[in-house]
Every structure is written in C-alpha cells, then in structure tokens.
Amino acid sequence: MADPMRIRATEKDGEIDVKVLMKHDMESGQRKDAAGAIIPAWHITNLVATVNGKQVFAAQFGPAISKDPFLNFKFKGAAKGDEVIVSWEDTKGDKRTDKGKIS
Amino acid sequence: MNSKRRKVLQFTALVSFMAGSGLLSEADAAEWNKAAFAAKSMDDVMKALGGGLPEKSDAVTLKAPDIAENGAVVPVGITTTLKATNMAILIEKNPYMLAGYFDLPDGTEPFVTTRVKMGQTSNVYALVKADGKWFSAFKEIKVTLGGCGG
Amino acid sequence: MTMIRILESAFVSCALLCAGLAASQTLDPTLQAALSSSFRAEGIAGLDRINQDPIQALCSDPSMKSSPQGQAKMVALQKASLAEIKPPSDGQYLGDWKRGEALAQNGRGATWSDAAGTPNGGSCYNCHQIDPKEISFGNIGPSLTGYGKSRGAAQPVLEYTWNRISNSKAYNACSNMPRFAHFGLLTEQQIKDVMALLLDPASPVNQ
Amino acid sequence: MRNSLIAWAAAALVAAPVWVGAQSASDEIAKYREMLADGNPSELYEAAGEELWVKPSGPLQATLEKCDLGLGPGVVDGAAAQLPRYFADTDRVQDLESRLMTCMEKLQGIPSEQVVKESFGKGVRKDIEAIVAYIVTHSKGMKVNVPATHPKEKEMVALGEKLFYFEGGPMDFSCASCHSEDKKRIRLQDLPNITKPQGAADGWGSWPAYRVSSGEFWTMQRRLNDCLRQQRMPFPIYASDATIALSMYMAAKANGGEITTPGLKR
C-alpha cells in the first residue's frame, strides 16, 4: 500500500492554507535502468481535496511533477477543526487517502 | 506535538481503511486528460484542454526562481487577479509540455504552488483559465549542473 | 578497460619507484588499522587506492607539510613530478576546444559506481570558472576565463599549461588538482582538447 | 498557435542579459532553496520512522521503544544532538546508525552483519533511514552536544581528524581538498569549512537531509559514503570505525552549533 501523505492545513482570516506532501516516485518514463531499459512511467494522475463533502481543489499530474510531490493551495469556507481530505490515484490504479485537521 | 502526530497517524490508518472499503465516495476524480499530457506542442496541449490559445496577461504571475539548483525539483507557483477556474503549468522543452492541470472551484483562491521536473533550461508557462479563456505568463528557468558531477 | 589498466599501472609503478621515498613516512598504526577494517574493494575502486604514494602521504600531514623538512620534501617531489611529464608526442599542444568543453563539463569516471572502461571527464567546472556563459562553476581553483587572451599562446605558455594539466604537483606538491597524465585520468588527446579550450583564440574562454 | 506564443517569448527575452554573474547566480540559488524549504519531503520519512519505532519487528517481534540512544531507554528528544558518543554496553563510540543497529540486534534480533551487507534504501537499511529521519527531527533547533570528554571519544576525534586529511585514490583527494577553506564551492554548491566550528556546524548540523537530486533521504552514513565515492576512494563499510570517526570529528568540531536537521539539499 502507498505511504501516507503529510497534510498541513492552517486557517488565517477565513482563508485555509493547505500544504500536501505525497510519497510517490513519480517515475517519468524517461529514465533508463542499469541495463539500459526504459523504466516505465508510474505517476500520480489525479488528486482531489474535499472539505465537509465539498470539493475545494483538484489536480491532474503528468510525469513532470517532481518525486514526492508537493502541493499548496488556498480556499475559503471552512473553519478550524474541519478536516481536509486528500485522495490521489496513480497510473497503476494505486490509491491513497489521508486527512488533515485545520488548525 | 508527538502525541498529536500519533493521533493523526492513527486517524490516517482509519481513513485509508474507509477509502479501501469504498466508504469515501467524495474522492472520485475527473478523468485524466491523456491527450493533453501526451501533447508535445502548445497547440496540441491547448487543443486537448479546450478554450483556445492563451493570451499573455499581466494579471497572471508565475513565481519561480531564475535558476534551479537541480532540474529534478523546480518550485513553480501561479497567482492571478483573474477569477480563475483552472490553472496549468507548461514546460516548453520537456518531452511532454503539460506538467500539471488544476481545478479551482468557487471559494478556492486563484493560487497554486507545486514542484516540477525540467530536463533542461526552458521557458515555463503559467496558464490561467477565466471566463472560459486562457491567459498566460512565462519566464525562462535555467537548470544548472551541480555537485561533483559523478 | 585501458583507462583502468593505466590507472593500475600508475599505482604499481609508483609503488615500485617511490618505495624509497615513502619509507621515510609511516602511517599512524591506529589510522592504518581503521583504514584496513573500514574499507573494501568495490567495482573499479580497489583497496590499492588507500596505499599512498609519497605526495599523498606528505600532503595528508598538515604539520609535517609546513615543517622545514616537509617543505624540502615538497621541493623534491615537485622536481620529480616535473621530470616525469611527457610533452605531446607530435609536438602539437592544441586539440579541439569543443571536445575540451565537453570534458570540462563532465565530472564522471573512476568511482566505484563507474563501469570499467567509462571514459573520465576532466571535472574542470567543479573547481574553475572557464566559459563565462556557464554559470555553474566552482571556485576551489582560480578562474580560467580569458586564460589565452591574457597570456597568448607562446611556447612557454603552452608548456606550462600542458604541465599544469598533466601533473599540477610539479608546481605545488600539495595542489588540490588531480594529476591527469600521471594517473592516466585523461589521454594525451584529451589533454590537448582541454588545452584548446583554454588557449584557442576561437574558444569561448577567450572571447 | 504555439509559434506565435514562442515568438512573443523570444522577443521578450531579447532584453534579458545573456548570462548572470556568480553573485546573482548564488542569490537566485538562495531563492530556489527558500522556495523549497516550505515542504521538506523528509517529513514523509519522519512519519514512516515514527511508525517503525513503535512497530514490533524482526525475529523477536519487538519494538524499538526501549532503545537507549544515550539519554536512557526510549528517549528520542535530543538524542541525535549528543551522538556520536561512547556506550559502555558495547564499549564503542557509536553514531546514530550504528547505535540503531545495536538496538535492532539486541531488542529485535536483527543481526548487524546483515544490515552492514545491505544497500542504502533497501531492506532493514530503508527502515533505519526512516527512523533516523524521525530521531533527528527531534533534535531540530537544539545545539550539538558532543563535548568528546571520554578517552575513547577523544581517540575517535583524533582518528577522524587524520582521516579527514587522508589523501588517496587516483585524484589525490581527501575530505580536506574541498572542506578546509572558507567560501569555497563545487559548481554552485557551497562547501562548509569543516576545520572551523561554524563550518563544521553548517555541515554536521544540516545532515541527514532530503536530496532533491536523487529524491531520497540521506543519512550521515550515506552522505559520507557518497563523499568518499566522489573522492574515488574504495567503499567505506557501513557503520565502520572510519565512518564513525569522521562523524565524531565533525560533531566535536561543531559542538555548540545549531542543529537544523533534517536538511533539504540539492
């Protein structure tokens, strides 16, 4: 199973700042192994963030997003104590969902 | 801090169990735009994304360093004064131009920061979609060779 | 392959030729014990690499190096290093500056993760500014930008530059610069190419 | 079309200077590092390490919660700040990684020889790397506390200093070749002057770190291993005396300096 994300969500003046770190190799499909064979692409494709059942952010990633991806976005309409739920899915169909409480 | 984090970790395990058992339906994502991510030219990327070619705009700000210490991790941020519904990052000299595409629903600030890979020094474009039209800003980011080189 | 053989033969020849000089400086036994228990051979990096030649032994000992005895030793080692340098076999000092630039950019070779036969780079930009358009350069060595423009390419300049690249210890026994010819790190042709990067009027170094 | 956009881009670039000087290059690199500092992927390793610390593992299916890193069984806060140090039970000076191996052997039954034979990023070593990320995060912001007063610690400092200046290999490199002068760089990367307390603190205090060039978390053993590889030396055996002595030399020199681990490096 995929490793957990780190989600930091902080509220200031009604705005929620969300920083997400994901553990993923984001293999580009451009690299070669020691034997010279192309290492196939394997990367996160989709990410969705929701709060209280409402989608607040979504992303589609290509192989050019860096290994162990970092994402920072901001939204309004939630309060301290609410939880930001982030889910991703990769090219192999692996999925991961984690929560971060807004502080 | 320590015990707080442990609680988060326990909670994480619970959530992933819920996701695994299909209890989290809100995580359903849009279809990945394969054509856009496979495109090798700006024309083809824009064709796949829809909404026409971007128009350069001072309302779009691309925040990125002039020089990247390493091409594997280049921080890139987009902000705009426009009412953005979508954003995208394009890297001209990468094998595929589109690096990331973002949906910004109502209530979400017109802001995103992420990190991208760059194979070489290249122009990087920040694209913002507002009122169904694309706007853009760009800058050149120099990718340097570093360390002992071995 | 050939590169490695040259490397090995350089070690062997030094082990034979320099034995007399080396005998005067023995390793601290604690250090010797730690070295033998802490390293192993891997790939092309054999344990012979921790057998020091007299230059390495002297330069590893800062207090010895700065003593009058050490200073005298340095002079002798510089002389021996200078005497060993071979001028280009065909008398031509300058090769192709473009190939020289590629060598200067390349920092690979001679590590345990390099396959046998991997061509070595010159690693020049690691320590020197060279082409002013390259912004990623080190500063352990002096800037070489404008090298040929300020010096010209008369015979003494050609010889000195050739010697510096071939065996920098000929001028300073404890120079930080590798001995490219002594250890067979670069071939004669490669040294010519690096020479051209520094001295060819068409090289970006001299614009 | 793409072409019109590219043409516009090219025109805009004409005004830009062809090259930037070394000073502005390092300013821009500083900006790059600042932008990255906000989300250090070391946190992902730290989270995994925290779980591994309390997870029953090895043939004995025990946790590491009784592991004594020098401040008593199970004490993690500040533990990395006082390592390497002498341990009476093993009668050795140990760094964080060799001490973790001792704990894994004694508590969990994982033979140290097995760990020594493994590669970085694989097997038990992969777990050790995550645990190291967890442990060093709990010394962040503290001061290096390695006074080196025990006779065996003093011996290791002295040995480490000799190794620091030890030249060898086909490029005549020692640690001192790159790390004994102020304000030196390889390419655009600053080289701490480890012979001085400030430089030693800059170097010792910022490793272990996440390396963006490899996308991996590097422990101090791995940092040293790759320095020695680039020195063209033979392979330093994992957690061997030479590697611990080099760490001891750096840590003692850095004593009192600030710890900023886990770092984020090129």
Side-chain angles (χ1 to χ4, degrees), chain C residues 7 10-11 27-28 30-31 33-35 37-53 55-62 107 109-113 120 123 125-127 129 132-140 143 168-169 174-180 182-185, chain D residues 18-26 28-29 116 155-156 158-181 183-191 195 224-226 228-246:
Chain C
L7 265 177
F11 269 108
L27 268 191
D28 169 89
T30 327
L31 176 60
L35 285 168
S37 70
S38 300
F39 287 88
R40 62 172 170 79
E42 170 88 13
I44 60 172
L47 283 172
D48 55 347
R49 292 188 177 192
I50 49 176
N51 297 333
Q52 294 177 310
D53 74 8
I55 282 179
Q56 294 172 337
L58 177 65
C59 302
S60 297
D61 188 342
T111 75
W112 71 63
S113 54
N120 295 320
S123 304
Y125 281 103
N126 286 10
C127 298
Q129 181 178 30
K133 283 191 289 301
E134 175 54 82
I135 56 168
S136 180
F137 59 87
N139 64 358
I140 294 175
S143 170
S168 190
K169 321 286 188 193
C174 294
S175 157
N176 280 324
M177 184 160 149
R179 293 173 271 178
F180 288 99
H182 175 81
F183 279 124
L185 293 164
Chain D
V18 180
W19 62 277
V20 277
Q23 187 50 48
S24 62
S26 45
E28 280 302 318
I29 293 287
V116 169
E155 274 173 31
M156 282 303 248
L159 173 61
E161 182 167 19
K162 287 202 180 78
L163 287 159
F164 182 84
Y165 287 101
F166 184 86
E167 257 187 30
M171 292 196 182
D172 303 315
F173 289 150
S174 67
C175 305
S177 304
C178 292
H179 292 288
S180 60
E181 284 182 78
K183 295 192 161 73
K184 292 294 178 191
R185 302 190 315 263
I186 281 189
R187 291 272 185 163
L188 285 173
Q189 281 66 51
D190 299 319
L191 299 162
T195 66
L224 287 172
N225 180 280
D226 202 60
L228 288 158
R229 186 181 68 86
Q230 300 275 16
Q231 280 179 51
R232 274 72 183 178
M233 290 291 189
F235 195 96
I237 294 165
Y238 187 68
S240 59
D241 278 348
T243 62
I244 295 169
L246 281 167

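Naming: A, B, ... by sequence-line order, numbering from 1 per chain.
Between C/Gly109 and D/Met171, the shortest heavy-atom distance links the atoms O-CE, 4.3 Å. The two residues C/Ile55 and D/Glu167 have their closest heavy-atom pair at O-OE1, 4.3 Å. When all heavy atoms of D/Ala242 and C/Ser38 are compared, the closest pair comes out as N-OG, 3.0 Å. Shortest non-hydrogen contact noted between C/Ser136 and D/Leu188 is CA-CG, 3.7 Å. When all heavy atoms of C/Arg49 and D/Arg232 are compared, the pair lying nearest together is NH1-O, 2.9 Å. The nearest pair of heavy atoms linking D/Gly169 to C/Gln56 is O-NE2, 2.9 Å.
For the atom pair CG of D/Leu228 and CH2 of C/Trp112, the computed distance is 6.0 Å after rounding to the nearest 0.5 Å. To the nearest 0.5 Å, atoms CG (C/Asn139) and CZ (D/Arg185) are separated by 4.5 Å. Separation of atoms SG (C/Cys127) and NZ (D/Lys184) is listed at 9.5 Å; rounding is to 0.5 Å. Separation of atoms CD1 (D/Ile237) and OG (C/Ser37) is listed at 7.0 Å; rounding is to 0.5 Å. Atom CG of C/Leu27 is separated from atom CZ of D/Phe166 by 5.5 Å, given to the nearest 0.5 angstrom. Rounding to the nearest 0.5 Å gives a distance of 10.5 Å between CZ of D/Arg187 and CD1 of C/Ile135.
Contact count versus chain C (heavy atoms, under 4.5 Å) is highest, among D/Asp241, D/Ile29, D/Ile186, for D/Ile186. Ranked by heavy-atom pairs under 4.5 Å with chain D, the list C/Thr30, C/Leu47, C/Leu35 is led by C/Leu35. Residue with the most contacts toward chain D among C/Lys169, C/Arg40, C/Met177: C/Arg40 (heavy-atom pairs, distance under 4.5 Å). Chain C forms more heavy-atom pairs under 4.5 Å with one residue of D/Tyr238, D/Phe173, D/Tyr165 than with any other, namely D/Tyr165.
Under the rule for a ring-ring contact (aromatic ring centres under 6.0 Å, His included), C/Phe39 has no partner lying at least two apart in sequence or in another chain.
With a 4.5 angstrom heavy-atom cutoff, D/Asn225 touches chain C via backbone and side-chain atoms both. If you measure heavy-atom distances from D/Ser174 to chain C, you find no contacts under 4.5 Å at all.
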Side chain to side chain contact (heavy atoms under 4.5 Å, CB included) between D/Leu159 and C/Asp28: does it pass, once the steps are laid out?
-> CA-CA 9 Å; D/Leu159 173 61; C/Asp28 169 89; 5.5 Å; no

From CA spacing to verdict: side chain to side chain contact (heavy atoms under 4.5 Å, CB included), C/Ile140, D/Cys178 = CA-CA 7 Å; C/Ile140 294 175; D/Cys178 292; 3.9 Å; yes

